[in-house]
J.: 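Shown below is the structure under consideration.
Only a predicted model underlies this, so the values are computations on that prediction, with no experimental measurement involved.
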There are 2 protein chains.
Amino acid sequence: MVRTMTAPSRPRRGRPRSPEADRAILDATRSALVELGWRKVTMGLIAERAGVAKTTLYRRWASKSELVVDAVSVVFDELHLPDSGSLRTDIEDVVLAFAELLRRPEAKSALMAVVAEATTEPVLRAKIKEILVGRQKRLVVLGRQRAQARGELPPDPGGPEQASRAVDLIFDVIAGAVVHRSLISTEPIDREWAQRFTNLLLGGLPATSE
Amino acid sequence: MVRTMTAPSRPRRGRPRSPEADRAILDATRSALVELGWRKVTMGLIAERAGVAKTTLYRRWASKSELVVDAVSVVFDELHLPDSGSLRTDIEDVVLAFAELLRRPEAKSALMAVVAEATTEPVLRAKIKEILVGRQKRLVVLGRQRAQARGELPPDPGGPEQASRAVDLIFDVIAGAVVHRSLISTEPIDREWAQRFTNLLLGGLPATSE
DNA sequence: GCATTCCGCTACGCGTCGTAGCGTAACACC
DNA sequence: GGTGTTACGCTACGACGCGTAGCGGAATGC
């Protein structure tokens, strides 16, 4: 659990936490992940590179996993939805951008390792759901709204409940396909694949043969 | 690497490997994974439960990851494609069966942990690609053939090259969506979700609003 | 018999996580 | 400026896991 960020009101008395240490630790974590991957990154090494004591890490994060989630989350926030004017190219572009992000070792190995630990740790699960899932759904919401405004998609017939489930479904399909191809099938994602995927998503299975 | 199974010709001389030990080790690995998850399962514990020495494990598998891949692979082989007579229900059923499989802790945490390690270990990557990806694609191939025979899908226009890429795409979309929703979004997969997913897959994005 | 390979056992080196306890530094409050 | 409180760096440590080495003995093929 991140103590710094989950505590809304910082204690008033005593020496305050060093913001430089926060940044230095997160930066060191990211750069170490890029070079070494999840397994070979140790808390001791992060502390050394950040120029702080290892105990300072454990004063802020309860475990290596939770530190890594926070360090990786800012990488995922780099994802943006380009307003290309067409739903088709919007999807293609975001798929390519997401694939590009997953090529970076810091995102790749860290994401999988953290997800793995989350299968048995509820605290981590909640954190992932908030940071990696909830925060990225905005892309789907935004893309849908634009497409509906342009008349490319019909407006939502049901209430917001129905719309929310549609967003969830689309998110899992797009993110799932990209993650699965990148990290499990380990095949490259280029523009040609993105186009074929978008064809499938827009036209459905029977329309993909041409 | 699995030495037993990758060696096609066993050495003729000397004491042969005990098949009982093989089975006992794999069984112990699976049951330990169910109870404890990836992190808390140790090679020492597996050896103890299997009634063999820890060194015997290392004579067969080079690392914990590779042992776990083999132990989990048989679980994935349980997946079958029910011949329901309709592409729609074929997809729904296989989605539900796959989701059910991913509910089991042995598959869930072990799969993710192994994938995580595979991001930095080429040997593991090849193994996963063979066992978890290549072997399961048969379901897509079979389902497509049946649907084409029934006229639900058009026949392949391009050569086998094109058909193979179509299978890869569909596999990543289906498996990706199920894995993503199960393990990253951590939302339940019930028949209603499977139906909405199948709608999307068959009809495409514009057709999902009704 | 003999060579070969496997097995169980004990012990060990190595690295990592995460914690304890100390003296000291940086703040808030009066 | 003094005082209490909290963070920090440092050192050391316990616990535990992986993976290996080396032994005597057991099971096979020749």
J.: Is A:R103 atom CZ crowded by more than 12 heavy atoms from other residues, nucleotides or ligands, each under 6.0 Å away?
T.: yes
J.: Counting only side-chain heavy atoms from C-beta out, which of D:dG19, D:dC8, D:dG17 sits nearest to A:A21?
T.: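 The closest nucleotide is D:dC8.
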J.: Roughly, in whole Å, what's the span from CH2 in A:W61 to C1' in C:dT19?
T.: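 Rounded to whole Å, this separation is 18 Å.
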J.: Show me the pairs that pass salt bridge (Lys or Arg N to Asp or Glu O under 4.0 Å) and involve residues 40-54 of chain A, at least two apart or across chains.
T.: A:E35-A:R49
J.: Return each pair, listed once, that meets ring-ring contact (aromatic ring centres under 6.0 Å, His included) where at least one residue sits in residues 69-125 of chain B; pairs must be two or more places apart or across chains.
T.: none
J.: Looking at residues at least two apart in the chain, or sitting in another chain, which of them share a side-chain hydrogen bond (donor to acceptor under 3.5 Å, both in side chains) with A:S65?
T.: A:E117
J.: Please state how far atom CG in B:L67 lies from atom P in D:dC18, giving the value in whole angstrom units.
T.: 11 Å
J.: On DNA chain D, compare the nucleotides closest to A:R39 and A:V52; which residue's is nearer the 5' end?
T.: A:V52
J.: Send over the distance from B:R60 CZ to D:dG19 P, rounded to a whole Å.
T.: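 Distance, rounded to whole Å: 17 Å.
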J.: Side-chain donor or acceptor of A:K54 under 3.5 Å from a matching atom on the base of C:dG18?
T.: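 Yes.
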J.: Taking for each residue the nucleotide of DNA chain D bearing the nearest heavy atom, is the 5' side occupied by B:G44 or by A:T56?
T.: A:T56
J.: Could you state the atom-to-atom distance from CH2 of A:W38 to P of C:dT16 in whole Å?
T.: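 So the two atoms are 13 Å apart, to the nearest Å.
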J.: What is the separation between atom CD1 on A:I46 and atom P on C:dG15, rounded to the nearest whole Å?
T.: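 That distance rounds to 18 Å.
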J.: Would you confirm whether A:D90, through its side chain, and A:S84, through its main-chain N or O, come within 3.5 Å as a donor-acceptor pair?
T.: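 Checked: pair present.
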J.: May I ask you to evaluate whether A:R17 reaches the phosphate of D:dA7, defined as a side-chain N or O under 4.0 Å from OP1 or OP2?
T.: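 For A:R17, the contact criterion (side-chain N or O under 4.0 Å from OP1 or OP2 of D:dA7) is met.
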J.: Whole angstroms only, please: what is the OH-P distance between B:Y58 and C:dC9?
T.: 17 Å
J.: Could you give me the CA-CA distance, side-chain angles and deciding distance for A:D70 and A:K127, then say whether side-chain contact (heavy atoms from CB on, under 4.5 Å) is met?
T.: CA-CA 9 Å; A:D70 281 344; A:K127 215 177 170 66; 3.3 Å; yes
J.: So do the side chains of B:L205 and A:I91 get within less than 4.5 Å of each other, counting heavy atoms only?
T.: yes
J.: Can you sort out the partners of B:V74 under side-chain contact (heavy atoms from CB on, under 4.5 Å), two or more places apart, ordered by chain and number?
T.: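 Scan of B:V74 (side-chain contact (heavy atoms from CB on, under 4.5 Å), adjacent residues dropped) gives B:R30.
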J.: Measure from CD on B:E48 to P on D:dG17 and round the result to the nearest Å.
T.: 11 Å
J.: Polar-atom pairs under 3.5 Å, protein N or O versus N or O of nucleotides 21-23 of chain D: list them with distances, or write none.
T.:
none

J.: Please list each protein N or O that sits under 3.5 Å from an N or O in nucleotides 23-26 of chain C, with the distance.
T.:
unit_1	atom_1	unit_2	atom_2	d
C:dA25	N3	A:R15	NH1	3.1
C:dA26	O4'	A:R15	NE	3.4

J.: Which of these nucleotides, C:dT4, C:dC9, C:dG18, is closest to any side-chain atom of B:R13?
T.: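 Closest nucleotide to the B:R13 side chain: C:dT4.
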J.: In whole angstrom, what separates B:D22's CG from C:dC6's C1'?
T.: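 My rounded result for the distance is 12 Å.
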J.: Run the numbers on A:L169 and B:L200 for side-chain contact (heavy atoms from CB on, under 4.5 Å), then give the verdict.
T.: CA-CA 9 Å; A:L169 174 63; B:L200 174 57; 4.0 Å; yes
